[in-house]
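For the single chain, residues carry numbers from 1 onward in sequence order.
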Amino acid sequence: MPSVLILGGTGEARRLASVPLPGYRVISSLAGRVADPALPAGEVRVGGFGGPAGLAQYLRDERIDVVVDATHPFAVQMSGNAAAACACTGTRLVVLRRPGYDLDPSWPRVDSLEQAAGLLPALGERAFITTGRQGIGHFRDLAIFCLVRCVEPPEPLPANFTVLLDRGPFTVEGEIRLLRRHRIDVLVTKDSGGAMTEAKLEAARSLGIAVVVVDRPPVTPGVPVLSTVDEVARLLLA
Ligand code: NAP
């Protein structure tokens, strides 16, 4: 029976694991970063593979025919490892990437968290940072108030930081209340895309709050990229 490995940690990966794929063994893989992960349906493995070589060995051991890289658009290392391991084992690779957010042309775009942090003092005095726990260190030297929202506790942060542990889905009304309560005047987001977290952008728009957007890293050239779960399922069943 052909086997599919879904590299997950996203809502799309969970949805793909729930789609009936008759004739396939389907395995979902999670990094194991969050203590209480939303588990996909079916067979699941948890934890890193040990770099591209470890993943290549896993693909051989489990006789994987297709890898679907459905990781978060900013999970650069895992995507790079998948491309390298699939190239060296001759395994078919498909990338599932949800579309980015609907962004206002006036919002500043940057390539990195470091650049986002550099822009903030010129744009506001009370920032809402929604870029996740990893890389939060790029913001720690800021002297302005920073509200940080993430799923798991970040590294210890200076006294001008307030941490809010929460995970989506969020509503526009809830986001407006949060922005008002903390008197936020600038928001930082990755261009992650997805309905679970886009309410903050609508809320920022309606309150006229500046948004700094960290652009997505590029996908490995030559790897096919699909944007919906249905497209991937159709490809697998073709
Ligand atoms: P990353 O920096 O690209 O990957 C770091 C290492 O974590 C990888 O080299 C791999 O370890 C392991 N890893 C990552 N995803 C894995 C998976 N699905 N299955 C098994 N091992 C995995 O990844 P990240 O940005 O830390 O993201 C970790 C996970 O959280 C991913 O599954 C991603 O989809 C999800 N996530 C990320 C973000 C984000 O903003 N980056 C947001 C939401 C969810 P080895 O080298 O040992 O194989």
Item to check | Spacing of Leu59 atom CG and Thr89 atom OG1 [to the nearest 0.5 Å] | outcome: 4.5 Å

Checklist entry - What residues form a side chain to side chain donor-acceptor pair (under 3.5 Å) with Asp61, not counting sequence neighbours? => result Gln57

Item to check | Non-hydrogen side-chain atoms of Leu201 and Trp107 separated by less than 4.5 Å | outcome: yes

Item to check | CG-CZ distance between Leu178 and Phe128, expressed to the nearest 0.5 angstrom | outcome: 5.0 Å

Checklist entry - How far does CZ of Arg149 sit from OG1 of Thr162, to the nearest 0.5 angstrom? => result 14.0 Å

Next on the checklist: Measuring only between side-chain heavy atoms, which start at C-beta, is Asp104 closer than 4.5 Å to Val211?
Outcome noted: no

Side-chain atoms of residues 73-87: list all donor-acceptor pairs with protein atoms under 3.5 Å, sequence neighbours left out, distances to 0.1 Å.
from: Ser79; atom 1: OG; to: Asp69; atom 2: OD2; distance (Å): 2.7
from: Ser79; atom 1: OG; to: Thr71; atom 2: OG1; distance (Å): 3.3
from: Ser79; atom 1: OG; to: Ala75; atom 2: O; distance (Å): 3.3
from: Ser79; atom 1: OG; to: Arg97; atom 2: NH2; distance (Å): 2.9

Item to check | Donor-acceptor contact below 3.5 Å, side chain Ser227 vs main chain Pro99 | outcome: no

Next on the checklist: With heavy-atom distances below 4.5 Å as the criterion, would you say the side chains of Thr130 and Glu175 are in contact?
Outcome noted: no

Checklist entry - Would Glu12 and Arg15 count as a salt bridge (Lys or Arg N to Asp or Glu O under 4.0 Å) if you check the C-alpha gap in whole Å, the side-chain angles of each, and the deciding distance to 0.1 Å? => result CA-CA 5 Å; Glu12 296 74 52; Arg15 283 204 294 285; 3.8 Å; yes

Item to check | Residue pair Asn160 / Ile144, side-chain heavy-atom distance below 4.5 Å | outcome: no

Checklist outcome for this item: When every non-hydrogen atom of Pro37 is compared with those of Leu30, the smallest separation belongs to CB-CD1, 4.2 Å

Checklist entry - Side-chain contact, heavy-atom cut-off 4.5 Å: Val213 with Tyr101? => result no

Checklist entry - For the residue pair Ala70 and Thr10, what are the closest heavy atoms and their distance? => result O-OG1, 2.6 Å

Item to check | Nearest heavy atoms of Lys200 and Thr189, plus distance in Å | outcome: NZ-OG1, 3.1 Å

Next on the checklist: With a 4.5 Å cut-off on side-chain heavy atoms, are Leu93 and Thr220 touching?
Outcome noted: no

Item to check | Check ion pair Arg25-Glu43 (N to O, under 4.0 angstrom) | outcome: yes

Item to check | Point-to-point distance, once rounded to the nearest 0.5 Å, from CZ of Arg216 to OG of Ser192 | outcome: 7.0 Å

Checklist entry - Can you tell me how far CG of Leu96 sits from CG of Leu16, rounded to the nearest 0.5 angstrom? => result 6.5 Å

Checklist entry - Within 45° of the axis and under 6.0 Å from the centre of the six-membered ring of Tyr58, does NZ or CZ of Arg45 qualify? => result yes

Next on the checklist: Less than 4.5 Å apart, side chain to side chain, heavy atoms only: is that true for Ile176 and Ser206?
Outcome noted: yes

Checklist entry - Tell me, do Pro156 and Arg140 make a side-chain contact under 4.5 Å, heavy atoms counted? => result no

Next on the checklist: Taking the basic N atoms (NZ, or NE/NH1/NH2) and the acidic carboxylate oxygens, is any pair closer than 4.0 Å for Glu202 and Arg205?
Outcome noted: yes

Item to check | Pairwise distance CG(Leu235) to CG(Asp230) - rounded to 0.5 angstrom | outcome: 12.5 Å

